[in-house]
**Student:** 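Here it is, the structure in full.
Residue numbers begin at 1 in each chain, while the letters A, B, ... track the order of the sequences.
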Amino acid sequence: MVLGIFIYAFKTDFSVLFKIPEQWPKPIYSFDKNPLTQEKIALGRFLFYDPILSKNNTVSCASCHSSYNAFTHVDHALSHGIDGRIGTRNSPALMNLAWHKLYMWDGAINHLDMQALAPMSHPDEMGEKIDHVVYKLQHTTHYPALFYKAFNDSIITGEHLLKSISQFMLTLVSAEAKYDSVMRGQSEFTQQEKNGYIIFKQQCASCHQEPLFSSFEFENNGLPMDTVLNDIGRMKITKNQNDSLKFKVPTLRNIEYTFPYMHDGRFNKLSAVINHYERGIVKSNTLSKKLQTNMVLTSNEKVDLIAFLLTLSDKKFLFNNQYNFPKELLPYLNK
Amino acid sequence: MRLFIGLWFWFMVYIGNAQSTVMHALTFTHIYGKNTFALDSVCYPVQHTDSISFSHLSYYISNIELVYKNKTVWKEENSYHLIDVENIYTQAFHIYTPQSLVYDHLVLYIGIDSTTNVSGAMGGDLDPTKGMYWTWQSGFINLKLEGQYKKSGFKNQEFQYHIGGYQNEFNTYRKISLKTAAKKDMDIWVDIEKLFSNTDLSVQHHIMSPGKEAVLVSEKFASMFKLK
């Protein structure tokens, strides 16, 4: 028993598997209910990349969240699912998920563990049912053993499936951008980046709060409503008029790679986003107070601001070999 | 040595506990007014429309307590029970209380409390494979009732009530307090007809997400449960 506790503590040495970057706030995710282990993370990574989670075994989580694009769906304004079906929203980049309060653009999901249920069940995404996914996994040659290694139980449950996917996603921490090394005093901004940072702090940081570059609150940033999609955002969940057209403030980390931008992927370029903030804001009842006064930026200032935003790119995150497709999965695919 | 004493202590506590607990059976019997309740075949009378039949009924009973003079004297730990009319084994379970406990009310809740609703993935009866968790918006379905109703001149129509919601004004988690003598086993009768009082099914046939409609249905939960 005592030995057991010792081994357990050794196996789940938290600081090795998940480091809270210097000067970051405490994560929101309650790790005590789902303590990270190497085995569970590895299992979660398998599942994240395995199309077995979809109805016709063609679409995996990674189909819409690719590691080389900070886990977003590159080039697609709206995400593409099974049978070429097109969703209604742009797939967000996945990183630093332990710090989010709610998930999805409208906050429909209240806990990271429950997130995977949404794409698995969505007819336009993976079109599956979790009990059937569990059934399929149980009947593979390899998953029962992997679940046994991770949870000491080869009977696969929905709980264990979801918790292991969470574990992998929790490890996707991006905190090694140039911005971070400047903050740690290990390198310096160029003059242009410095100017951009000043503008950023004045105009953007109230919502895109450092160090995570999001307040994780819901705000209306003045985008005109797309009359085809008619997406009312947060109000869909709360049914409260005051939440109309509010969306979760997205992080700006790795923004260089996560185009197209906004909940419906309407902008392809950062310059278009900045032009929106400068002269595209649509006034409405729910427009954020922080955007009520007009923003005036010279063309030099815009260039500086973009230069700063590019300091949020974290190549180590993009090319981390713990995050990409696990080669060990290859022999089992399409079997 | 200290370890040994510690273990001995826990062992004694364990034995002590085992000796002084009482096992109570809680049984849930489903009725529809004066009729027994059965899935599929049987049709029942219902207000405003001609008849109704059911294909599915499941719901959560949670946070069971015994109360004496408005004070909680015992609480079940990890108290979540999914009752599914298709599965007879779910319709009765045991609770274990200390001996000679005095109580005058059995308290239970229909549905899942808000804290549990935001606590991530859980196992057992709360496992999302049980079909009682919404996928596109987080939250447990507290009660799921499905079937068909008939109105003369129309084909059979489907109805689906997925009643849930845990936030603020859309909370559908409901307390049931039943007066009881301190007896061993408790037979709880659940009258499904009560859910349809003042309901016109031809108007209100689908409730699939949290909201006002779900709250109205949940307000009828308390009247469904009686101790026999």
**Student:** How about A/Lys239 and B/Ser209: do any of their side-chain heavy atoms sit closer than 4.5 Å?
**Tutor:**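 SC-SC contact between A/Lys239 and B/Ser209 confirmed.
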**Student:** At a heavy-atom separation under 4.5 Å, does A/Ser166 approach chain B through its side chain, its backbone, both, or neither?
**Tutor:** neither
**Student:** Would you say OH of A/Tyr135 has more than 12 non-hydrogen atoms from neighbouring residues, nucleotides or ligands within 6.0 angstrom?
**Tutor:** no
**Student:** How about NZ on B/Lys220, more than 12 heavy atoms from neighbouring residues, nucleotides or ligands closer than 6.0 Å, or not?
**Tutor:** yes
**Student:** Pick one of side chain, backbone, both or neither for A/Ser30, based on which atoms fall under 4.5 Å of a heavy atom in chain B.
**Tutor:**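 For A/Ser30, there is no contact with chain B at all, as no heavy atom is under 4.5 Å.
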**Student:** Could you give the distance from CD (B/Gln137) to NZ (A/Lys236), rounded to the nearest 0.5 Å?
**Tutor:** 8.0 Å
**Student:** So which bits of residues 104-116 of chain A come within less than 4.5 Å of chain B, counting non-hydrogen atoms only?
**Tutor:** A/Ala108, A/Ile109, A/Asn110, A/His111, A/Asp113, A/Met114
**Student:** Kindly compute the distance separating CD (B/Gln167) from CD1 (A/Ile237), expressed to the nearest 0.5 Å.
**Tutor:** 9.0 Å
**Student:** Looking at chain B, which one of A/Leu102, A/Val133, A/Thr157 has the largest number of heavy-atom pairs inside 4.5 Å, strictly under?
**Tutor:**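 Among A/Leu102, A/Val133, A/Thr157, the one with the most close pairs to chain B is A/Thr157.
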**Student:** Of the non-hydrogen atoms in A/Glu159 and B/Pro128, which two are nearest, and what is the gap between them?
**Tutor:**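 So the minimum-distance heavy-atom pair works out to N-CD, 4.2 Å.
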**Student:** When rounded to the nearest 0.5 angstrom, what distance separates CG in A/Leu162 from CG in B/Asp127?
**Tutor:**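 Output value for this atom pair is 7.5 Å.
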**Student:** For the interface with chain A, which of B/Pro210, B/Gly211, B/Gly139, B/Ser138 has the highest count of heavy-atom pairs at distances below 4.5 Å?
**Tutor:**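 Answer, by heavy-atom pair count under 4.5 Å with chain A: B/Ser138.
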**Student:** Look up atom CD in A/Glu125 and atom CH2 in B/Trp136, then write down how far apart they are to the nearest 0.5 Å.
**Tutor:** 14.0 Å
